[in-house]
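Since the model is a prediction, treat every value here as computed from it, not as a measurement. In what follows, chains carry the letters A, B, and so on, assigned in the order in which the sequence lines appear, proteins first and then strands, with residues in each chain numbered from 1.
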There are 2 protein chains.
Amino acid sequence: MKIEELIKDKNIKLTTARVKLLEILKEADRPLCYEEIKNDISMDKATFYRNISKFEEEGILNAFESNDKKRYFEVRLNPHAHFVCVKCNSVECIKNIDITLPNYEINNVIINGTCPSCLASV
Amino acid sequence: MKIEELIKDKNIKLTTARVKLLEILKEADRPLCYEEIKNDISMDKATFYRNISKFEEEGILNAFESNDKKRYFEVRLNPHAHFVCVKCNSVECIKNIDITLPNYEINNVIINGTCPSCLASV
DNA sequence: CTCTATGCAAAAACTTTGCAGGGAT
DNA sequence: ATCCCTGCAAAGTTTTTGCATAGAG
């Protein structure tokens, strides 16, 4: 799916800055935070966060907080769970878990705990 | 289980302020944030956050961020999942979900999405 | 008695807002 | 031409740190 299709029919304008931002998030193999993207997008942080909010409102994007107190962002394609390690703060996609809850609409699942490599290094 | 037992054998001292804090968290039916507790504990916010960190290190407590950018805290008894509504930011305990991941140690599961009452009010 | 815990104030980290100018449709 | 988007600077919110005093073991 192309980025333009994600934005199409939504209540937002298609700007080069937005396409760039969404493409970076889409190509990443895990959610990213502002700090990890800021050098690759030529976009002010105010604009970044404003766009993130827009994308969330329009349902294009998932956001969640890690244990490092930062927000992580991901384009909402191929929904899957995320593991956040409380020791090393790494964020990892977990594809083989499927959760449903009657009467709830689920955007994202975040699992907090200790990852295998941190468990091994104790 | 009594609060004193939670602290026993841990590397921290048993103070009245800590017992009070843990008791409030233990009695609550859902995770609470600093704002919700501050009037009930006579504890400075610096001390509050320092104690939270201690409790986390000692494995007494789970913490996670909601969509309102605040951290929510819960005593780690009877582990269960949590649902955080992206619309109203309510935090709810979900008892009937059980997740295991080989090679991972799981502390907490957070599900983001829209809760039944927000879904109904659209 | 010693070392940890606490309160206060000030700082830090991340995110949001105001405003004026630029860009998409 | 209109209205949304953007950058810059400044403010806001939540959490953390420094330091001197109080308290637990």
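Rounded to whole angstrom, the span from the CD atom of Glu36(B) across to the P atom of dT14(D) amounts to 12 Å. Per the geometry, OH belonging to Tyr34(B) stands 13 Å off C1' belonging to dT16(D), to the nearest Å. The distance from atom CZ of Phe48(B) to atom P of dT6(C) is 12 Å, rounded to the nearest whole Å. In this structure, the CD1 atom of Ile7(B) is 12 Å from the C1' atom of dA5(C), given to the nearest Å. Separating the NZ atom of Lys38(A) from the P atom of dG7(D) is a distance of 15 Å, rounded to the nearest angstrom. Going from atom NZ of Lys45(A) over to atom C1' of dC14(C) covers 9 Å, rounded to whole Å. Atom P of nucleotide dA5(C) and atom CE of Met43(B) are separated by 11 Å, given to the nearest angstrom.
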Enumerate all atom pairs, one protein N or O and one N or O from nucleotides 17-20 of chain C, separated by less than 3.5 Å.
unit_1, atom_1, unit_2, atom_2, d
dG18(C), O6, Arg50(A), NH1, 3.2

Nucleotide N/O to protein N/O under 3.5 Å, stretch nucleotides 22-25 of chain D:
unit_1, atom_1, unit_2, atom_2, d
dA24(D), N3, Lys13(B), NZ, 3.4
dG25(D), OP1, Leu14(B), N, 3.3

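A salt bridge (Lys or Arg N to Asp or Glu O under 4.0 Å) with Glu56(A) is found for one member of Lys10(A), Arg71(A), Arg50(A), Arg76(A) and no other, namely Arg71(A).
Between the side chain of Glu36(A) and the backbone N or O of Cys33(A) there is at least one donor-acceptor pair closer than 3.5 Å. Put simply, the side chain of Asn107(B) never gets that close to the backbone of Asn62(B): no donor and acceptor are under 3.5 Å apart.
The NZ atom of Lys2(A) lies 8.5 Å from the CD atom of Glu23(A); values are rounded to the nearest 0.5 Å. To the nearest 0.5 Å, atom CD1 of residue Ile37(B) and atom CG of residue Asn39(B) are 10.5 Å apart. Rounding to the nearest 0.5 Å places CG of Leu77(B) at 10.0 Å from CG of Leu61(B). Put simply, CG on Leu22(A) and CD1 on Ile41(A) are 10.5 Å apart, with the number rounded to the nearest 0.5 Å.
Applying the ring pair (Phe, Tyr, Trp, His ring centres under 6.0 Å) criterion to Phe73(A), with sequence neighbours excluded, gives Phe48(A). Listed by chain and residue number, His82(B) satisfy the ring pair (Phe, Tyr, Trp, His ring centres under 6.0 Å) test with Phe64(B) (two or more places apart in sequence, or in another chain).
Interface residues of residues 54-73 of chain A facing DNA chain D, ordered by number: Lys54(A), Lys69(A); criterion, heavy-atom separation under 4.0 Å.
Look at Arg18(A) and you won't find any side-chain N or O under 4.0 angstrom from OP1 or OP2 of dC4(D). Contact annotation: Asn51(A) reaches the phosphate of dT6(D) (side-chain N/O to OP1 or OP2, under 4.0 Å).
Contact annotation: the side chain of Lys20(A) never approaches that of Thr16(A) to less than 4.5 Å [non-hydrogen atoms, C-beta and beyond].
Applying the ring-ring contact (aromatic ring centres under 6.0 Å, His included) test to residues at least two apart or on different chains, the pairs with a partner in residues 89-122 of chain A are Tyr104(A)-Phe83(B).
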